[in-house]
Amino acid sequence: MKKLKASYYQRSDVVEIARDLLGKLVITKWEGQLTAGRIVETEAYRGITDRASHAFGAKRTARTEVMYATGGIAYVYLCYGLHHLCNVVTGTRDEPHAVLLRGIEPVEGLTIMSKRTGKGKDDKTIGAGPGNLSRALGISLAHNGHSLLGDSFYIAEDGFLLPEKNIMATPRIGVDYAGEDASLPYRFIIHNNPWISKKNAFLPIKND
DNA sequence: CGACCGATCGTCT
DNA sequence: GACGATCGGTCGA
C-alpha cells in the first residue's frame, strides 16, 4: 500500500487527477478509529476559469483561501448548513484546483461507518454522495486545510487495477449555475459500481 | 419511477 | 439577509 505523495497532487491537470483518483483508497484515522473506502466517484473543479468552482474569477475569500495553497491538503466546506463536502486540493500554490470526493465503497471500518451514518452495513448509500462520504469517514469542517501527507488522513494506492473501459465521464451534479461549464465532462465514476447512488448513476456522455 | 420540499448554518454581500 | 458542489422523505401518477 503506497500513500500518494506531494508530487501526485501537485500535477497541473486537475481533470486528469480526478479521473486517476478512481480506485484509490481514502483513509482516515481519527482517535484510533480507522476507516477506509475505495473512491468510486469524483468531480474536478478547474481553477479560476471554471464557473462551477468557488475560485471562479480568482475569487479569494476566507473560505476559498485553502484552495490556493499547494496541492496535498483537504478543502472541506459546509453545504446547505448540514453537509460537509470534502475536496482534494491539487496543483501548485495560487492555482486553486480541487477534486470533490463524491463516493466511496467501504473497505475498512464498516462498523464505524455504520455508527457514524446511522445506516445499515449493507446499505449501498453509506458512502454515496459527497455528504454521505464525509459522514462515513468522519470528515468535517474541522479538517479543512488538513494535510493529506500525514498518517491520520491520506489517499493510497493498493494495487487495485481499474480498467480504463470502466471509467466513465459525465457532467457534474448540482452546478446548473455554471452556465456552459455545467456540461463539461468533469465528473468521473466507476461504471456500474453499486456504491454510486442510483440517482446519479447514469448520465453517460463519454466512455473511453 | 419523478417532482418537490424541508432541514440548517457558515459564508459572503 | 440570502443562499447553497445535498439528502431523504413524501406525494402523485
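In what follows, chains are A, B, ... by sequence order, proteins preceding strands, each numbered from 1. Just so it is clear, the values below take in all heavy atoms, side chains as well, and ignore hydrogens, waters and symmetry mates.
- When the C1' atom is used for both C/dG8 and B/dG10, the distance is 22 Å, rounded to whole Å.
- Between the OH atom of A/Tyr186 and the C1' atom of C/dA5 there is a distance of 15 Å, rounded to whole Å.
- When each of C/dT6, B/dC9, C/dA5 is scored by its nearest atom to the side-chain atoms of A/Tyr75, the top-ranked nucleotide is C/dA5.
- Inspection of the A/His54 and A/Tyr75 side chains reveals an N or O donor paired with an N or O acceptor under 3.5 Å.
- Rounded to whole Å, atom P of C/dA5 lies 10 Å from atom NZ of A/Lys59.
- Atom-to-atom, NE2 of A/His84 to P of C/dG4 comes out at 19 Å; the value is rounded to the nearest Å.
- Across all strands shown, A/Arg135 has heavy atoms under 4.0 Å from sugar-phosphate atoms exclusively, and none from any base.
- Taking a cutoff of 4.0 Å between a charged side-chain nitrogen and a carboxylate oxygen, A/Arg19 and A/Glu164 qualify as a salt bridge.
- Remark: P of B/dG6 and CG of A/Leu82 are 14 Å apart, rounded to the nearest angstrom.
- Counting only Watson-Crick and G-U wobble pairs whose two key distances fall under 3.5 Å, DNA chain B forms stems of three or more stacked pairs at B:1-7 with C:6-12, B:9-12 with C:1-4.
- The separation between A/Arg172 atom CZ and C/dG4 atom P is 16 Å, rounded to whole Å.
- A cation-pi arrangement is not found for A/Arg46 relative to A/Tyr186, the charged atom failing to lie both closer than 6.0 Å to the ring centre and inside a 45° cone about the ring normal.
- Comparing C/dT6, C/dC7, C/dA5 by their nearest atom to the side chain of A/Ile173 picks out C/dT6.
- Side chains of A/Arg172 and A/Ser183: a donor-acceptor N/O pair is absent below 3.5 angstrom, by distance only.
- A/Lys124 has its NZ atom 18 Å from the P atom of C/dC7, to the nearest Å.
- Residue-to-nucleotide contacts include a donor-acceptor pair under 3.5 Å from the side chain of A/His54 to the base of C/dA5.
- Taking 4.0 Å as the cut-off between side-chain N and carboxylate O, A/Arg102 and A/Glu43 count as a salt-bridged pair.
- Between the C1' atom of C/dG8 and the CG atom of A/Leu133 lies a distance of 17 Å, rounded to the nearest Å.
- For A/Tyr80 and B/dA7, the ring-to-base geometry does not satisfy the stacking test (centroid distance below 5.5 Å, interplanar angle below 30°).
- Between the side chains of A/Arg93 and A/Thr70, no donor-acceptor pair of N or O atoms lies under 3.5 Å.
- Taking atom CG on A/Leu85 and atom P on B/dC9, their separation rounds to 16 Å, with Å as the unit.
- When distances run from any side-chain atom of A/Leu78 to the nucleotides C/dA5, C/dG8, B/dG10, the shortest one goes to B/dG10.
- Nucleic acid contact for A/Arg63: sugar-phosphate only, since backbone atoms but no base atoms lie under 4.0 Å from a heavy atom of the residue.
- Looking at heavy-atom distances under 4.0 Å, A/Leu100 makes contact with a base.
- Nucleic acid contact for A/Asn132: sugar-phosphate only, since backbone atoms but no base atoms lie under 4.0 Å from a heavy atom of the residue.
- Across all strands shown, A/Ala128 has heavy atoms under 4.0 Å from sugar-phosphate atoms exclusively, and none from any base.
- Side-chain contact between A/Lys119 and A/Asn132: present, with at least one pair of heavy atoms (C-beta onward) separated by less than 4.5 Å.
- Residues satisfying the side-chain hydrogen bond (donor to acceptor under 3.5 Å, both in side chains) criterion with A/Asp20, sequence neighbours excluded, are A/Tyr8, A/Lys24.
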